[in-house]
Amino acid sequence: MKEIMDVTDIAFPHLHIYLENVPKTITVFGFPIAFYGLIIGLGVILGVLMAVREAKVTGQDPEIYWDFSIYAIFFCILGSRIYYVIFSWDMYKNNLLEIFNLRHGGLAIYGTVIAAFLTAGIYCHVKKLSFFQLCDTGIMGLILGQIIGRWGNFMNREAFGQYTDNLFAMRLPIAMVRPEYISPSISEHILEGTNYIQVHPTFLYESMWNVLVLCLLLAYRKRKKFQGEVALLYLGAYGLGRFFIEGLRTDQLVIGHSGIAVSQVLAGVLVLFTVFVEVVVRRKMRKAGQG
């Protein structure tokens with residue numbers, strides 16, 4: 001492996017992977033387009049197709065999900081940006097126009113999840129549809145979008161963790177990452193004569209975890225005990241993985257100046273909420289002779 005990396009290179013030394021000339025943008029007709037946005041867009045499209053496919057498999061009208069996606073896409077992007085800006089306010093308070101600049105990243109998945117459920121609730125109320133059935137179906141598209149979307153973080157050289165020398169350790173040229181994401185722990189391990197940091201690729205961990213969650217949900221969906229259980233299990237399973245992965249990251253969104261990672265707190269709450277609801281609903285079903 002190179003001791004001096006070219007500025008656009010990315011390496012996984014223990015996997016013997018060295019990627020050269022990995023750009024953040026491409027130019028189309030003289031206009032730069034960020035790979036981050038392209039990958040997020042791909043995730044959205046494939047996520048919608050996944051939800052439509054799931055609707056067909058479960059005997060629902062797929063047009064419902066095409067229609068719902070129009071609203072969900074807009075409000076999920078809005079929600080993810082609002083969530084990010086709220087917990088990164090110091091970055092934007094002196095330059096409010098930067099709030100509208102999405103090309104440098106700045107979308108928080110929990111904002112997407114919150115917006116998705118709120119939009120689904122309003123949509124189902126207006127259309128007189130089953131909220132829990134729509135969530136069970138749509139959640140398949142949401143998690144597929146997450147799996148793909150995390151690779152936008154890879155192209156942006158963000159959403160990485162502290163220093164590591166494990167099998168998946170990733171090297172990034174210092175010039176390509178935001179200085180505020182280089183923690184003291186990472187700095188201590190920058191070797192003399194090199195120009196890179198070596199970190200946990202937490203974007204990869206989360207993408208891999210979500211693949212596992214999606215497979216489990218697909219395997220379980222025909223065995224679910226009640227409407228909404230698939231979406232509930234998603235919240236718990238995603239929250240469980242995110243709780244541990246978030247603890248590794250250096251770009252945590254924190255509550256005020258407390259240093260407490262808001263996404264880690266929310267992940268823990270979701271795990272507890274999932275266990276609580278699962279136990280309560282199944283107990284009621286047993287009492288009613290349905291379990």
Pair R53-L49, side chain to side chain contact (heavy atoms under 4.5 Å, CB included): steps then yes or no: CA-CA 6 Å; R53 175 191 175 279; L49 291 175; over 6 Å; no
task: Walk me through it: do R178 and R157 pass the test side chain to side chain contact (heavy atoms under 4.5 Å, CB included)?
output: CA-CA 9 Å; R178 294 183 181 180; R157 283 71 163 178; over 6 Å; no
field: Evaluation steps, side chain to side chain contact (heavy atoms under 4.5 Å, CB included), between T119 and F68
entry: CA-CA 9 Å; T119 304; F68 172 67; 3.8 Å; yes
task: Given side chain to side chain contact (heavy atoms under 4.5 Å, CB included), test V28 with F31 step by step and report yes or no.
output: CA-CA 5 Å; V28 178; F31 183 77; 5.6 Å; no
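Y92 and F100 have their aromatic ring centers separated by at least 6.0 angstrom. Close placement of the Y83 and F87 rings is indicated, their centers lying within 6.0 Å of each other. The ring of Y205 has its center closer than 6.0 angstrom to the ring center of H200.
Remark: the H14 side chain and the D165 side chain contain an N/O donor-acceptor pair separated by less than 3.5 Å. Inspection of the R223 and Y220 side chains reveals no N or O donor paired with an N or O acceptor under 3.5 Å.
Not one N or O on the side chain of D6 forms a donor-acceptor pair closer than 3.5 Å with the backbone of T8. In terms of modelled atom types and a separation under 3.5 Å, the side chain of S183 and the main chain of I186 share a donor-acceptor contact. Looking at S207, its side chain does come within 3.5 Å of a backbone N or O of I147 through a donor-acceptor pair. The main-chain N or O of Y84 is found under 3.5 Å from a side-chain atom of S88 such that the two form a donor-acceptor pair. No donor-acceptor pair under 3.5 Å is formed between the side chain of N156 and the backbone N or O of Y36. Under the 3.5 Å distance criterion, the side-chain polar atoms of N210 are left unmatched by any main-chain donor or acceptor of I143. Between the side chain of T25 and the main chain of A34, no donor-acceptor pair closer than 3.5 Å is present. Checking side-chain atoms of D136 against main-chain N and O of Q227 turns up no donor-acceptor pair under 3.5 Å. Here the side chain of Q198 pairs a donor or acceptor atom with the backbone of T164 at under 3.5 angstrom. Between the R150 side chain and the L204 main chain, no donor and acceptor come within less than 3.5 Å of each other.
For the pair R221 and E54, the salt-bridge criterion is met [side-chain N within less than 4.0 Å of a carboxylate O]. Comment: K2 engages E20 in a salt bridge, judged by a side-chain N to carboxylate O separation of less than 4.0 angstrom.
Both L96 and V85 are assigned to one and the same hydrophobic cluster, defined by single-linkage of ILVMFWY side chains at heavy-atom distances under 4.5 Å. Linking Ile, Leu, Val, Met, Phe, Trp and Tyr whenever their side-chain heavy atoms come within less than 4.5 Å puts L42 and W66 in one cluster. Linking Ile, Leu, Val, Met, Phe, Trp and Tyr whenever their side-chain heavy atoms come within less than 4.5 Å leaves W151 and M176 in two separate clusters. L218 and L216 fall within the same hydrophobic cluster, defined by Ile, Leu, Val, Met, Phe, Trp and Tyr side-chain heavy atoms under 4.5 Å apart, directly or through other members. When the side chains of ILVMFWY residues are joined at heavy-atom separations under 4.5 Å, either directly or via intervening members, V254 and I260 end up in two distinct hydrophobic clusters.
For the pair L172/I10, a side-chain contact is recorded, criterion being any heavy-atom separation below 4.5 Å from C-beta on. Side-chain atoms of Y123 and F131, non-hydrogen and from C-beta on, never get closer than 4.5 Å to each other. Using a 4.5 Å cut-off on side-chain heavy atoms (C-beta onward), L15 and L167 make contact. Between N153 and T202 there is no side-chain heavy-atom pair separated by less than 4.5 Å. Within the 4.5 Å cutoff, the side chain of N195 has heavy atoms near those of the M5 side chain. Proximity of T112 to L107: side-chain heavy atoms (C-beta onward) are nowhere separated by under 4.5 Å. At a threshold of 4.5 Å between non-hydrogen side-chain atoms, the residues I197 and F160 count as touching. With contacts defined as side-chain heavy-atom distances shorter than 4.5 Å, the pair V199/Y163 does not qualify.
Judged as a side chain to side chain contact (heavy atoms under 4.5 Å, CB included), and not counting sequence neighbours, the contacts of P23 are F35.
For residues 55-70, the pairs satisfying salt bridge (charged side-chain N to carboxylate O under 4.0 Å, His left out) are D67-K127, with sequence neighbours left out. Residues in residues 229-251 take part in these salt bridge (charged side-chain N to carboxylate O under 4.0 Å, His left out) pairs, two or more places apart or across chains: E206-R242, E229-R282, R242-E246, E246-R249, R249-D251.
Contact between C135 and A120 at its shortest, heavy atoms only, is SG-CB, 4.3 Å. Smallest separation of non-hydrogen atoms from L46 and L144: O-CD2, 3.5 Å. When all heavy atoms are compared, the tightest approach of L232 to T274 is O-OG1, 3.3 Å. For S69 against V48, the heavy-atom pair with the smallest separation is CB-CG2, 3.7 Å. Annotation for G138 and Y65: closest pair N-CE2, 4.3 Å, computed over non-hydrogen atoms. Here the shortest heavy-atom pairing between S185 and Q162 reads CB-OE1, 3.6 Å.
Note that the CZ atom of R286 and the NZ atom of K225 stand 11.0 Å from one another [nearest 0.5 Å]. We find the CG-SG distance between L142 and C76 to be 7.0 Å, quoted to the nearest 0.5 Å. L134 contributes atom CG, which lies 7.5 Å from atom CD1 of I64 (distance to the nearest 0.5 angstrom). Taking CG of L266 as the start and CG of L253 as the end, the distance is 11.5 Å to the nearest 0.5 Å. One finds the CD1 atom of I255 at 11.0 Å from the CD atom of Q252 (value rounded to the nearest 0.5 Å). Between atom OG of residue S80 and atom OH of residue Y110 there is a gap of 14.5 Å, rounded to the nearest 0.5 Å.
Around CZ of F273, the count of heavy atoms belonging to other residues, nucleotides or ligands within 6.0 Å does not exceed 12. Residue F12 qualifies as enclosed at atom CZ: its count of foreign heavy atoms under 6.0 Å is above 12. Counting non-hydrogen atoms of neighbouring residues, nucleotides and ligands closer than 6.0 angstrom, the OH atom of Y71 reaches no more than 12 such neighbours.
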